[in-house]
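Heavy-atom basis, side chains included; hydrogens, waters and symmetry copies ignored.
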Amino acid sequence: MAEPLRDRARRATGWRLRMNGDTRAHYVICGNDPLAYWVVRALLATELPQGRVRITLVVPERRRSDGPDGRDLDGVQVVRADRLDEATFRRAGLAGADGLALLHQDDVGNMHAALCAQEVEPRLRLVVRMFNTSLANGLRQLFPDSAVLSDASMAAPAFVAAALGEVAPTHFRHGGRTLYVARREDVRPGDVVSGLAVTTDPELVRVLPADEAAADVVLAEATGQPPGTELAARRLVRARRRRQPVAVLLRAVRSFATRKIGIAVLALLAVIAVLGWLNGRAADVSWAEALYLTLVTTLSGQDPDVTKPAAAQVMQVVLNLAGLALIPLITAVVVDGIVNARLALHTGRIQPDRTGHVVVVGLGNIGTRVMAQLRDFGVEVVAIDRTGEARGAALARRLGVPLIVGDAAREETLRSASVESCQALVVVSTDDGVNLRAALNARALNEEVRVVLRLFDGDFAERIQKAFGIGISRSVSYLAAPAFAAALLDRAVIATIPVDRHALLVVEVPVVAGAPLDGRPLAAVARPGEVRLLGHARAGQKVDWSADPRMVITAGDRLTVVARRAGLSALLRETAPPAPPPPPAAPGGPPAAAPGGAPAQRTADEA
């Protein structure tokens, strides 16, 4: 029977790689935004036993994003194509590749690309970025060896926690224990599993410090106590409830009519009060009788009495005139209030002031999840977006969240959301310029507001944080990229923990026979600032969370660690067998590539 075409192509690809001496793992990345950039960088920093990985990046013909997308990185083969079909995947060398990452923001487009990729290489490790959970479940059924991840789901808790002034509410279950991230003062000492970071100095956040006792952010075991984010939300809701009666009254008085009508009503009432007091003194009556005479004279008039003194007659005439003016003003107040309410309902602009709420700018993937999680905590939210048809607009209407349609970079839009009295501003639109202008204008309106700013460029975020004193700036792509890269490498990432602008990975790593760590004590695993050992398990046994650091590591052991990306790459090299020597170069052919070498950047036309 004839050999299938794709099997022949795969065998030919493998033969070609062996002839070139390139035995490195090959991964194809499809994406043109900062997430693709950070995933490619994470893969380039990864060193497997056979050397560094080989990466092919598929991007559109024209650059469609102002931010980095990976095509400018050295050591990456770039294929330019506007359509992800079988022909594009064959050009990218997908046949025989070790994995494919589909990182575009189009859920349906990613699913179509996955089906095309299956025709080229059916035995493929697939990592797909998706927002819609229904499509994600369907994709998992079609491709068992796949990981469907959402960068929005990963990063949203970090934004919510930052808005409430807490650490990201990361939860995971492993080895029979449920662990979560918290501040040390919020948990009992006996529940602390490991210290994660020292955040007392915002200018210098230290992760995985050598002195665990100095860490104020810890990993703790859940014992029924609510995490810090939930406690912060409850405190905020209680504070708002205490202020609510007075705030509602003041809001009603301030927003029911325009400023000019309000001033006229107050001035007229002051005149009536003074004349009523003078009239009461002239008639020599009590304050209750004086109030009665004033109200009757003002609202209904009084029979003229020519025998009264001249002063009393003058006050009576003025009070009658004031009454004539008061009735139209009351009518104007009612009409103006009704018109304002109907305009606010029609345009979506919030007229009444609010206090202690959180303003979310941008109802895309991240903003929608941030808004929903804040509402789940009971926090009042006001949303701003350029269009009323944004991804999260329908959900905002279902949750009863006011949506202001307008440019968040404009001061009047921010005032409509009562930014001057809000607790936090979460700016997560897809435009760095709009995000920055909105943050600066909000800080000008409210110096005490906590600004959580999304910036795609990590270096730009750090400089903005230092230059303008905006304490919290985050990159969604940077926070989510380690999990995508680890899933592509088929590593068992248990959880991703964002701490400030750092991302820590909780991973279970098996030790292979002949690895550098085989036969060494457990104390050799830890590296301050890079790797910390959480638990140890022998083959077929449960995780020991308090293992003796003098215990000797043997082949088959499983190490549960929390690590930074660089530390995890180093640990994986120490738990894997030594790399085989590179094959000799073919006579007359090009020299074999070094295991750790990386080819210069080249396009598909130059390959």
Side-chain angles (χ1 to χ4, degrees), residues 153-242 356-358 369-370 372-381 423-424 426 448-452 471-472 474 479 494-506 532-535 545-546 560-562 564:
S153 298
M154 296 176 188
F159 283 89
V160 172
L164 299 177
E166 292 293 330
V167 296
T170 304
H171 292 75
F172 62 92
R173 183 166 180 81
H174 179 67
R177 306 176 82 180
T178 299
L179 306 179
Y180 71 104
V181 181
R183 297 195 183 276
R184 187 181 290 273
E185 63 265 20
D186 293 336
V187 299
R188 294 191 295 263
D191 295 336
V192 176
V193 175
S194 175
L196 295 179
V198 180
T199 62
T200 52
D201 183 4
E203 300 294 330
L204 180 62
V205 175
R206 294 184 291 122
V207 296
L208 304 178
D211 182 11
E212 288 195 50
D216 60 309
V217 176
V218 299
L219 189 65
E221 182 177 9
T223 56
Q225 183 178 1
T229 308
E230 186 173 348
L231 292 175
R234 291 179 181 179
R235 289 193 296 267
L236 177 60
V237 172
R238 285 196 298 267
R240 288 192 63 256
R241 285 175 180 171
R242 286 194 297 267
H357 57 292
V358 176
R369 294 190 182 275
V370 170
Q373 290 185 20
L374 287 170
R375 288 292 295 161
D376 289 342
F377 283 133
V379 177
E380 184 181 12
V381 183
Q423 172 182 287
V426 182
E448 303 299 326
V449 66
R450 182 183 295 111
V451 178
V452 184
I472 306 169
R474 299 178 182 273
L479 293 175
I494 301 168
T496 301
I497 302 176
V499 179
D500 193 64
R501 292 192 46 76
H502 304 278
L504 301 177
L505 301 176
V506 181
R532 173 158 296 147
L533 179 68
L534 297 179
W545 297 95
S546 57
T560 302
V561 300
V562 55
R564 302 179 70 177

Apply side chain to side chain contact (heavy atoms under 4.5 Å, CB included) to Val198 and Val205, showing your working. CA-CA 6 Å; Val198 180; Val205 175; over 6 Å; no
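- Remark: side-chain polar atoms of Arg369 are not paired, donor with acceptor, to backbone N or O of Ala156 under 3.5 angstrom.
- Within the 4.5 Å cutoff, side-chain heavy atoms of Val193 are placed close to those of Arg177.
- For Glu448, the CD atom is loosely surrounded, since the number of other residues' heavy atoms within 6.0 Å does not exceed 12.
- Electrostatic pairing of Arg183 and Asp186 does not count as a salt bridge here, judged by no charged N lying under 4.0 Å from a carboxylate O.
- Ion pair Arg375/Glu380 not flagged as a salt bridge, since none of the NZ, NE, NH1 or NH2 atoms sits closer than 4.0 Å to an Asp/Glu carboxylate oxygen.
- The shortest non-hydrogen separation linking Ala163 to Arg450 is O-NH1, 2.9 Å.
- Considering only heavy atoms from C-beta on, Thr560 comes within 4.5 Å of His174 through its side chain.
- Side-chain contact of Thr199 with Asp216: a donor-acceptor pair under 3.5 Å is present, judged by distance alone.
- Taking every heavy atom of both residues into account, Leu164 and Gln423 meet most closely at CD2-NE2, 3.8 Å.
- Looking at every heavy atom in both residues, Leu534 comes nearest to Ser194 through CD2-CB, 3.6 Å.
- For the atom pair CG of Leu533 and CH2 of Trp545, the computed distance is 10.0 Å after rounding to the nearest 0.5 Å.
- Between Leu505 and Arg564 the shortest side-chain heavy-atom distance does not fall below 4.5 Å.
- Between Val187 and Ala182, the shortest heavy-atom contact is CG1-CB, 3.7 Å.
- Between Val562 and Leu208, the closest side-chain pair of non-hydrogen atoms falls below 4.5 Å.
- The structure places CD1 of Ile497 at 5.5 Å from CG of Leu219, a figure rounded to the nearest 0.5 Å.
- Checked by atom type and distance alone, the side chain of Arg184 pairs as donor or acceptor with a backbone atom of Ala215 at under 3.5 Å.
- The two residues Gly195 and Val218 make their nearest non-hydrogen contact at CA-CG1, 4.1 Å.
- Residues Arg532 and Glu212 are in side-chain contact: their nearest non-hydrogen atoms beyond the backbone lie under 4.5 Å apart.
- Side-chain contact check for Val426 versus Val358: some heavy-atom pair is nearer than 4.5 Å.
- Residues Phe172 and Thr496 are not in side-chain contact: their nearest non-hydrogen atoms beyond the backbone lie 4.5 Å or more apart.
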